[in-house]
Amino acid sequence: MTDEAILDLLRDHPWVATARRTPQGVLVRPRPETLAVRPRPGALLREFLEHWGDVYDWVYEASPEPGEPDFSGWRASDTGRPLPEEHMADWLRCTVDLVLSRRPSRVLELGCGSGLLLHALRERLTAYVGTDVSASAVERLGPMTTAGIAVVRAAAHEARSEQVTRALADTMGPRARPDCVLLNSVTQCFPHLGYLRAVLLDALDLVAPGGTVIVGDVRHAGLLGHYCRWVERAKDPEADPAEIERRAARRAAQEEEMLLDPRAIARVALEAGRPVAVSAHARTMAADTELTRYRYDLVLHADAGEAPAWPGSGPRDGIPNALLHDSKGASTPHALRPRGPVLLDLADPTRLAVARPPSTGRFTAKSVALLAEGVEPGLLAHEPMTAFVARRLPEVLHDHLRAALPGTPLPVIGVEEAAGDAR
């Protein structure tokens, strides 16, 4: 079998746009449509999303019965042990308090999981619709559905689908819109920025005038290196600094979840057909874990015409976060909590601020997005789809060649330009 015949076989695969010989083997480029945000069955991006669905199906099958708090699967990266239930209860309280501070009555939650927020919020709402990609999660929450509560199986990019649209009309009324769209602890399962863009623009289009889109429990891209060094040091306290740096760099390169800087999200919000303001909130749990150190909540305020531009009037205190570095005047988010909403400095995630009064904590999305100018793209977002494609596509293509050419030596296959379609 000639090299050209092998290349032709690779080009015939529905995931491959081009294939060419290199000194190291074969380099392929995936078709844009197999990475598209709204994927067809069998596409690479669809497989990425189904992987996360399978993960959570497995987690939820062993979960407590509906109605009980379920923190299954939450483990500390530094110890590998389950996170204490009291810490997870504090984690949940942070999100519940943030949502209720917006006084919503109609909530659409994209990625509702085991229903933690549904259980905590339902008595304060007139209507709730939850979606999740996990069939097990949706099935478990079935007994909780009422005239004002619906849970449907759908991925985050399917918020405008027929089944979600019908559920919104049935629970909120044919002309009503959610006044809060909630994505809590789900962006880490997103494949790339194009997918985030599609989900957020749908959410901002759906939310009622003056409503909010809350993107909660987001892993901060600007703290990925700090996080990796922290984990590696915890695993081996006696290792020398150079070895810790080497291990941390390897861990960062292999990171399988999405991490986002709030400035990257603000850039997306600029494309909404309405003015949007942004506020970034620190996680104020008492315990010192990765959930407190390296995650934040972002609130997108729709139709917020009076928000100042960063760094205009408002709380830019620049208080060093004592969880991330030791310096004079440092404080933890938890210690600052009694003073008011604790915000994350949008230009420096190691610093905090207190909103006094609370309404001063939001800034125009345009001014926040401008803070990203000149920042290296990799510091604004870690996109796991690139690594997923680099691993998965050669596996599939090797199987494809084995089936067509049994016994033929297989070439080394590399992947180039695995960027997703933003639409």
Side-chain angles (χ1 to χ4, degrees), residues 37-38 95-113 115-133 137-138 141-184 186-187 195-216 265-266 268-279 297-307 359 362 364-365 423:
V37 168
R38 306 188 193 278
T95 301
V96 170
D97 287 352
L98 181 62
V99 174
L100 292 180
S101 72
R102 307 308 310 154
R103 295 182 173 84
S105 62
R106 304 177 306 278
V107 168
L108 167 62
E109 184 178 7
L110 304 177
C112 61
L116 286 172
L117 290 171
L118 169 57
H119 297 312
L121 296 171
R122 59 178 174 166
E123 299 299 328
R124 307 287 290 273
L125 304 174
T126 60
Y128 170 94
V129 172
T131 75
D132 204 90
V133 72
V138 173
L141 293 175
M144 295 190 63
T145 58
T146 66
I149 296 176
V151 181
V152 298
R153 187 181 184 191
H157 69 274
E158 296 173 320
R160 306 304 299 268
S161 65
E162 181 181 349
Q163 67 267 34
V164 177
T165 299
R166 184 168 56 249
L168 290 171
D170 290 344
T171 57
M172 302 178 188
R175 295 181 180 83
R177 296 159 66 180
D179 50 16
C180 176
V181 179
L182 179 58
L183 297 94
N184 190 61
V186 296
T187 56
Y195 191 87
L196 172 81
R197 174 184 178 274
V199 172
L200 284 186
L201 291 182
D202 278 351
L204 285 166
D205 187 49
L206 281 168
V207 75
T212 54
V213 175
I214 298 178
V215 189
I265 301 176
V268 173
L270 283 179
E271 300 182 48
R274 60 205 305 186
V276 177
V278 175
S279 58
D297 302 315
L298 198 77
V299 182
L300 302 176
H301 309 261
D303 310 312
E306 298 181 1
S359 61
R362 64 184 71 169
T364 63
R423 288 167 293 280

Atom pair [atom1] ([X]) and [atom2] ([Y]), whose distance is rounded to the nearest 0.5 Å:
| X | Y | atom1 | atom2 | value |
| --- | --- | --- | --- | --- |
| D202 | L108 | CG | CG | 10.5 Å |
| D132 | R153 | CG | CZ | 9.0 Å |
| C180 | L98 | SG | CG | 8.5 Å |
| L168 | Y128 | CG | OH | 11.5 Å |
| T212 | L204 | OG1 | CG | 10.0 Å |
| L182 | L118 | CG | CG | 11.0 Å |

Smallest separation among heavy atoms of L141 and C112, with atom names: CD1-SG, 3.9 Å

Minimum side-chain heavy-atom gap V99-I214 below 4.5 Å: yes

Side-chain (R102) to main-chain (G211) donor-acceptor, under 3.5 angstrom: no

Flag, side chain of S105 to backbone of T126, donor-acceptor distance under 3.5 Å: no

I265 and V278: CA distance, side-chain angles, deciding distance, side-chain contact (heavy atoms from CB on, under 4.5 Å) verdict: CA-CA 9 Å; I265 301 176; V278 175; over 6 Å; no

Within 6.0 angstrom of R274 CZ, more than 12 heavy atoms from elsewhere: yes

Verdict with supporting geometry, E158 and T131, side-chain contact (heavy atoms from CB on, under 4.5 Å): CA-CA 9 Å; E158 296 173 320; T131 75; over 6 Å; no

Contacts of type side chain to side chain donor-acceptor pair (under 3.5 Å), residue R160, not counting sequence neighbours: D205

Under the side chain to side chain donor-acceptor pair (under 3.5 Å) test, residues paired with E162 that sit two or more places apart: R166

side-chain contact (heavy atoms from CB on, under 4.5 Å) assessment of V299 paired with R362: CA-CA 9 Å; V299 182; R362 64 184 71 169; over 6 Å; no

By side chain to side chain contact (heavy atoms under 4.5 Å, CB included) - contacts of T146 (at least two apart): I149

Chi angles and distances behind the side-chain contact (heavy atoms from CB on, under 4.5 Å) call for V199, L183: CA-CA 10 Å; V199 172; L183 297 94; 3.5 Å; yes

